[in-house]
Amino acid sequence: MGIRTHNCGELSKSDVKKSVSLAGWINSVRTHGQIIFVDLRDRYGKTQLVLNDESLLKIGKTLSMEDVISIEGIVSPRDNNLINPDLSTGHIEVIVSSIKVLSNAKPLPLSIHDREASTEEHRLKYRYLELRNNDLQKNLIIRHQTSQIVREFLSNNNFLEIETPVLMKSTPEGARDYLVPSRVHNGQFYALPQSPQMYKQLFMIAGLDRYFQIVKCFRDEDLRSDRQPEFTQIDIEMSFVDEDDVRNTIEKLIREVFSKVINVSMKKPFPILSYYDAIERYGTDKPDLRFGLEILDFKDLADKSGFNAFKNAEDVRLISAPNADFFSRKVIDELDSYAQSHGAKGLAWFKVKEGSFEGGISKFFSDDLQKEIINQLNLKDDTISFMVGDKKSNTLNVLGRIRNLIAEKLELKDNSIFEPVWIVDFPLFSWNEDSKRFDSVNHPFTAPKDKDIDKVLNNPEEVISKGYDIVINGYEVAGGSIRIYDNELQRNIFKILDLNDDEIKEKFGFFIDALKYGTPPHGGIAFGLDRLVMLLSGVNNIRDVIAFPKTTSASALMEEAPSHVSKDQLDELGIKVLDSEKDV
RNA sequence: GGGGUAGUAGUUCAGUUGGUUAGAACGCCGGCCUGUCAAGCCGGAGGUCGCGGGUUCGAGUCCCGUCUAUCCCGCCA
């Protein structure tokens with residue numbers, strides 16, 4: 001017999017009397033003198049071993065948690081009253097005939113079965129131990145399945161998976177680049193890709209027609225619970241398509257993934273919301289549609305009240321939430337300070353009870369005005385309304401955030417529900433007040449709507465783009481656009497972005513050239529695979545779907561990267577480190 | 001760069017208005033135990049209270065600084 005004939009999750013009643021060998025980790029040992037029970041664990045499950053022979057008992061007593069052993073034995077049925085319904089193998093146990101300790105384990109620096117019970121610092125330092133945890137393994141399995149289904153679906157639809165360079169040219173647009181020094185060309189640097197954007201468009205120019213890649217991307221910016229310095233994109237590009245073609249293909253892909261990975265069927269077709277409407281109704285371009293709580297315009301009604309702070313404000317918005325009694329003074333204060341931390345001067349409120357206002361700023365509204373408001377905004381009894389008065393961009397932004405916080409507190413965010421929505425009609429440019437010039441909202445290769453092409457040079461702020469994002473439960477899961485395939489239009493876009501001819505040539509020369517030699521209309525999209533897997537796994541932290549994640553300060557605690565390097569290495573690269581305490 | 005939270009045994013935590021020898025659970029080591037399944041019972045070992053300074057007769061506890069992790073703002077086309 002080999003080290004193992006079966007794994008620890010597959011033996012059942014039908015295997016009774018079989019002679020088997022198993023191997024795995026000791027999950028627990030229960031000694032009873034003349035009989036010892038051992039739970040043996042591997043990725044597939046747990047199997048109960050029974051030791052009841054003199055020589056085996058002696059070894060059994062020396063076993064401790066996480067030792068690795070192999071055994072040989074006979075599968076035996078359990079009596080009805082001894083069945084463990086919590087185990088897939090709970091109807092049987094293996095009567096051990098021989099046992100071999102393959103490897104002893106020292107006491108572990110963290111608890112494998114209770115991930116919450118350890119600090120993140122420990123979990124990341126001993127990640128290989130944390131990865132023994134069942135939940136974490138489940139997430140990685142979901143990630144694997146997702147990749148597999150994406151590959152299968154796209155391959156079946158004529159997409160080619162093609163690799164692109166990891167060492168590429170630095171283009172100081174957008175995020176900060178990770179740089180790699182060149183030994184051969186001292187003083188020069190490669191950059192790690194923030195995304196393979198230009199390469200995939202070049203594939204279309206090359207006539208490869210449909211491309212995809214599951215690919216690492218790198219951005220040297222500060223991190224968040226859903227951001228890592230290196231992350232994975234499902235990168236997709238197609239030729240001879242318009243926005244509908246891309247959206248239809250991608251919707252099919254998303255439906256396939258959710259249905260095959262977690263058996264969820266999504267609505268058909270996905271709703272489409274314009275950027276403008278998303279901001280007006282939800283205060284964000286990535287709205288969570290699992291709940292309503294839409295933001296309402298309150299300016300005209302507020303002006304009729306005696307509340308001067310609102311009369312002086314450019315804009316007043318209101319959001320109404322159910323379950324008024326839940327909102328105690330304490331909860332309201334918490335929401336208020338959250339609003340203020342995001343730039344609101346304050347968060348006004350009143351409750352609606354039996355047809356009239358109560359608490360907060362109620363006294364500034366006459367009885368007649370209260371009735372008018374309740375009717376016009378359709379405010380229900382037993383609700384609470386929150387209001388912010390400020391510049392329009394602020395009222396919407398703050399209430400958009402308050403909307404999410406309220407939904408969390410009222411537990412309206414059900415992780416088993418998935419509400420996808422396309423966000424479209426983004427502006428092409430946004431004015432950057434700091435640098436006094438226009439930036440691309442998406443990236444500089446995004447095409448404007450055909451009807452807006454004439455406005456590009458004269459009224460850039462009015463131009464709408466052919467961009468689209470897919471948002472699920474408030475997460476931006478994918479974003480993309482139809483690209484510019486006209487050399488002249490691309491040059492004009494660069495002009496609006498305030499890049500002069502020399503800069504264009506220096507940064508994008510090869511790309512502008514490529515557009516001259518016959519470029520098909522094309523467009524694509526890129527998914528954040530990590531965020532997609534977060535949704536599928538029902539976790540809200542990106543580290544839970546990555547095998548070896550970095551910390552918030554972009555360190556790898558296990559292998560201690562980044563690290564100092566030897567002077568010889570630096571000399572070869574022509575690099576001198578300034579103000580460093582240790583150069584090794 | 002800014003703000004919040006956390007750091008005490010191998011692990012997770014408790015530790016009162018500053019006061020004797022810093023406790024508990026799990027794990028580890030030893031013993032008992034033939035039906036447990038997070039087994040149970042008895043005993044034992046195990047501590048630079050993140051690090052550095054200060055106040056004090058006396059600091060895990062108060063003050064200052066610093067490091068690390070985490071959440072958020074800025075940032076992330």
Side-chain angles (χ1 to χ4, degrees), chain A residues 26-41 46-53 57 60-67 76 78-79 81-87 89-90 93 95 104-126 129-130 171-177 194-195 197 217-229 231 337-338 340-343 397 401 405 426 428-430 432 434 438-446 465 467 476 479 481 493 497 526 528 540-541 543 549-553 555 557 560:
Chain A
I26 305 282
N27 202 69
S28 65
V29 181
R30 298 177 290 278
T31 65
H32 291 255
Q34 295 310 300
I35 188 168
I36 294 178
F37 300 99
V38 175
D39 285 348
L40 194 65
R41 185 196 77 238
K46 287 187 279 192
T47 301
Q48 174 160 287
L49 310 178
V50 178
L51 314 182
N52 55 11
D53 171 87
L57 291 173
K61 282 183 192 175
T62 70
L63 296 174
S64 57
M65 305 269 279
E66 300 301 311
D67 288 344
S76 163
R78 298 202 200 181
D79 290 345
N81 58 326
L82 299 177
I83 287 168
N84 184 345
D86 297 333
L87 292 185
T89 60
E93 57 197 4
I95 313 297
N104 282 116
K106 291 174 105 174
L108 297 195
L110 50 76
S111 161
I112 287 183
H113 301 294
D114 186 5
R115 296 186 57 216
E116 299 304 312
S118 291
T119 62
E120 192 100 23
E121 216 170 333
H122 257 96
R123 286 155 51 183
L124 291 176
K125 182 167 181 188
Y126 300 100
L129 294 179
E130 197 193 8
T171 52
E173 299 285 309
R176 202 175 288 116
D177 280 326
Q194 296 180 22
S195 82
Q197 184 61 37
C217 302
F218 306 84
R219 293 178 191 176
D220 186 4
E221 295 292 345
D222 287 348
L223 306 176
R224 288 288 188 284
S225 57
D226 62 349
R227 270 194 240 157
Q228 281 275 301
F231 60 98
S337 60
Y338 183 74
Q340 291 193 31
S341 74
H342 286 88
N397 175 43
R401 291 170 183 276
L405 190 56
F426 291 88
L428 190 61
F429 304 107
S430 65
N432 185 326
D434 293 338
F438 284 102
D439 289 337
S440 289
V441 167
N442 189 215
H443 56 61
F445 314 116
T446 302
S465 83
E476 185 192 323
S481 63
I493 298 285
L497 299 175
N540 50 23
N541 195 303
R543 293 184 298 277
K550 304 271 192 292
T551 68
T552 318
S553 60
S555 309
L557 295 183
E560 296 184 320

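To find a chain, count down the sequence lines: A is the first, B the second, and so on, and within it residues start at 1. Keep in mind that the numbers below use all heavy atoms, side chains included, and drop hydrogens, waters and symmetry copies.
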Practice task
Kindly say if R224(A) contacts the phosphate of C75(B), meaning a side-chain N or O under 4.0 Å from OP1 or OP2.
Solution key: no

Problem - Nucleotide paired to C57(B) in any strand shown, Watson-Crick or G-U, under 3.5 Å - result: G19(B)

Completion exercise
Closest to the side chain of R219(A), out of G40(B), C76(B), G35(B), is C76(B)

Problem - Watson-Crick or G-U counterpart of U66(B), or none if no pair lies under 3.5 Å - result: G50(B)

Fill in the blank from the handout: The nucleotide from C32(B), C76(B), C37(B) with an atom nearest the side chain of E221(A) is C76(B)

Handout entry: Distance, rounded to the nearest Å, where L51(A) contributes CG and U36(B) contributes P
Key = 16 Å

Practice task
For S64(A) and for H342(A), locate the closest nucleotide of RNA chain B by heavy-atom distance; then report the residue assigned to the nucleotide nearer the 5' terminus.
Solution key: S64(A)

Exercise for the section: Tell me whether the OP1 or OP2 atom of C71(B) has a side-chain N or O from T552(A) closer than 4.0 Å. Expected result: yes

Problem - Span that lies between the P atom of U61(B) and that of G53(B), in whole angstrom - result: 14 Å

Exercise for the section: Please state how far atom CZ in R30(A) lies from atom C1' in A38(B), giving the value in whole angstrom units. Expected result: 9 Å

Fill in the blank from the handout: Atom CG of D220(A) and atom C1' of G74(B) are separated, to the nearest Å, by 16 Å

Problem - Rounded distance in Å between the P positions of C63(B) and U55(B) - result: 15 Å

Exercise for the section: Using whole Å, report how far NZ of K61(A) lies from P of C32(B). Expected result: 6 Å

Problem - RNA chain B: 5'-proximal contact among I83(A) and K550(A) (nearest heavy atom) - result: I83(A)

Fill in the blank from the handout: Tightest non-hydrogen contact, residues G174(A) and Q194(A), listed as C-OE1, 4.3 Å

Handout entry: Sugar-phosphate only, base, or nothing, as touched by R78(A) at under 4.0 Å among non-hydrogen atoms
Key = base

Exercise for the section: Tell which nucleotide pairs with A25(B), taking only Watson-Crick or G-U wobble pairs whose two distances are both under 3.5 angstrom. Expected result: U11(B)

Practice task
Assign V441(A) to base, sugar-phosphate, or nothing according to its heavy-atom contacts below 4.0 angstrom with the strands shown.
Solution key: sugar-phosphate

Problem - Options G74(B), U36(B), G27(B), nucleotide nearest the side-chain atoms of R401(A) - result: G74(B)

Handout entry: Euclidean distance for P, A22(B) against G10(B) (whole angstrom)
Key = 15 Å

Exercise for the section: Kindly check if the number of other-residue, nucleotide or ligand heavy atoms within 6.0 Å of CG (N540(A)) is above 12? Expected result: no

Practice task
Could you state the atom-to-atom distance from CZ of R227(A) to C1' of C72(B) in whole Å?
Solution key: 11 Å

Problem - Ring-base stacking, H113(A) with A38(B) (5.5 Å, 30° cut-offs) - result: no

Practice task
Using whole Å, report how far CG of L129(A) lies from C1' of G27(B).
Solution key: 14 Å

Exercise for the section: Could you check whether T446(A) gets within reach of a base, just the sugar-phosphate, or nothing at all, counting any heavy atom under 4.0 Å? Expected result: nothing

Exercise for the section: Over all heavy atoms of both residues, which pair between G60(A) and L51(A) is shortest? Give the atoms and the distance, please. Expected result: CA-CD1, 3.7 Å

Exercise for the section: Check if the side chain of D222(A) and the base of C75(B) share a donor-acceptor pair of N or O atoms closer than 3.5 Å. Expected result: no

Problem - Least distance between heavy atoms, F218(A) atom then F231(A) atom - result: N-CE2, 4.4 Å

Handout entry: Pairwise P distance, A39(B) and U48(B) [rounded to whole Å]
Key = 30 Å

Practice task
Rounded to whole angstrom, note down the P distance from G74(B) over to G3(B).
Solution key: 16 Å

Problem - Pairwise C1' distance for C76(B) and G23(B), with rounding to whole Å - result: 47 Å

Problem - T31(A) vs A39(B): side-chain N/O to OP1/OP2 distance below 4.0 Å - result: no

Exercise for the section: Please state how far atom CZ in R123(A) lies from atom C1' in U12(B), giving the value in whole angstrom units. Expected result: 13 Å

Exercise for the section: Describe the nucleic acid contact of N541(A) in one word from base, sugar-phosphate, nothing, applying a heavy-atom distance below 4.0 Å. Expected result: sugar-phosphate

Practice task
Examine U68(B): is either OP1 or OP2 under 4.0 Å from a nitrogen or oxygen in the side chain of T551(A)? Give yes or no.
Solution key: no

Handout entry: Non-hydrogen atoms of H342(A) and N397(A) that approach each other most closely
Key = O-ND2, 4.4 Å

Problem - Sugar-phosphate only, base, or nothing, as touched by E66(A) at under 4.0 Å among non-hydrogen atoms - result: nothing

With a cut-off of 3.5 Å and sequence neighbours excluded, list every side-chain donor-acceptor pair involving residues 27-40 of chain A.
unit_1	atom_1	unit_2	atom_2	d
N27(A)	OD1	R41(A)	NH1	2.9
N27(A)	OD1	H113(A)	NE2	3.0
S28(A)	OG	R30(A)	NH1	3.0
S28(A)	OG	D39(A)	OD2	3.4
R30(A)	NH1	D39(A)	OD2	3.2
R30(A)	NH2	D39(A)	OD1	3.1
R30(A)	NH2	Q48(A)	OE1	2.9

Handout entry: Assigned partner base of G40(B), Watson-Crick or wobble definition, under 3.5 Å
Key = C32(B)

Handout entry: Flag, side chain of E93(A) to backbone of R78(A), donor-acceptor distance under 3.5 Å
Key = no

Practice task
Send over the distance from K46(A) NZ to C37(B) P, rounded to a whole Å.
Solution key: 13 Å

Exercise for the section: Select base, sugar-phosphate, or nothing to describe what L108(A) touches, counting heavy atoms under 4.0 Å on all strands. Expected result: sugar-phosphate

Handout entry: Under-4.0 Å salt bridge between R227(A) and E221(A)
Key = no

Handout entry: P gap between A14(B) and G65(B), integer Å
Key = 25 Å

Exercise for the section: Please work out if G174(A) contacts a base, only the sugar-phosphate, or nothing of the nucleic acid, heavy-atom cut-off 4.0 Å. Expected result: sugar-phosphate

Fill in the blank from the handout: Per atom distances to the E121(A) side chain, the nearest of U68(B), U70(B), C37(B) is U68(B)

Practice task
Using a heavy-atom cut-off of under 4.0 Å over every strand shown, decide if D439(A) touches base, sugar-phosphate, or nothing.
Solution key: nothing

Exercise for the section: Using only side-chain N and O atoms of S28(A), determine if any of them is under 4.0 Å from OP1 or OP2 of A39(B). Expected result: yes

Practice task
Answer with base, sugar-phosphate or nothing: what part of the nucleic acid does S195(A) contact at a heavy-atom distance below 4.0 Å?
Solution key: base

Practice task
Please report the shortest heavy-atom distance between L497(A) and D439(A), naming the atom on each side.
Solution key: CD2-C, 3.6 Å

Practice task
Indicate, with a heavy-atom threshold strictly under 4.0 Å, whether Q48(A) touches base, sugar-phosphate, or nothing.
Solution key: base

Fill in the blank from the handout: Partner of C76(B) under the Watson-Crick or G-U wobble criteria, both distances under 3.5 Å, comes out as none

Exercise for the section: Give the nucleotide from the list U12(B), A69(B), C37(B) with an atom nearest to the side chain of T119(A). Expected result: U12(B)

Practice task
State which of U36(B), U34(B), U70(B) makes the closest approach to the side chain of E120(A).
Solution key: U70(B)

Problem - Spacing of the C1' atoms in G60(B) and C13(B) (rounded, Å) - result: 14 Å

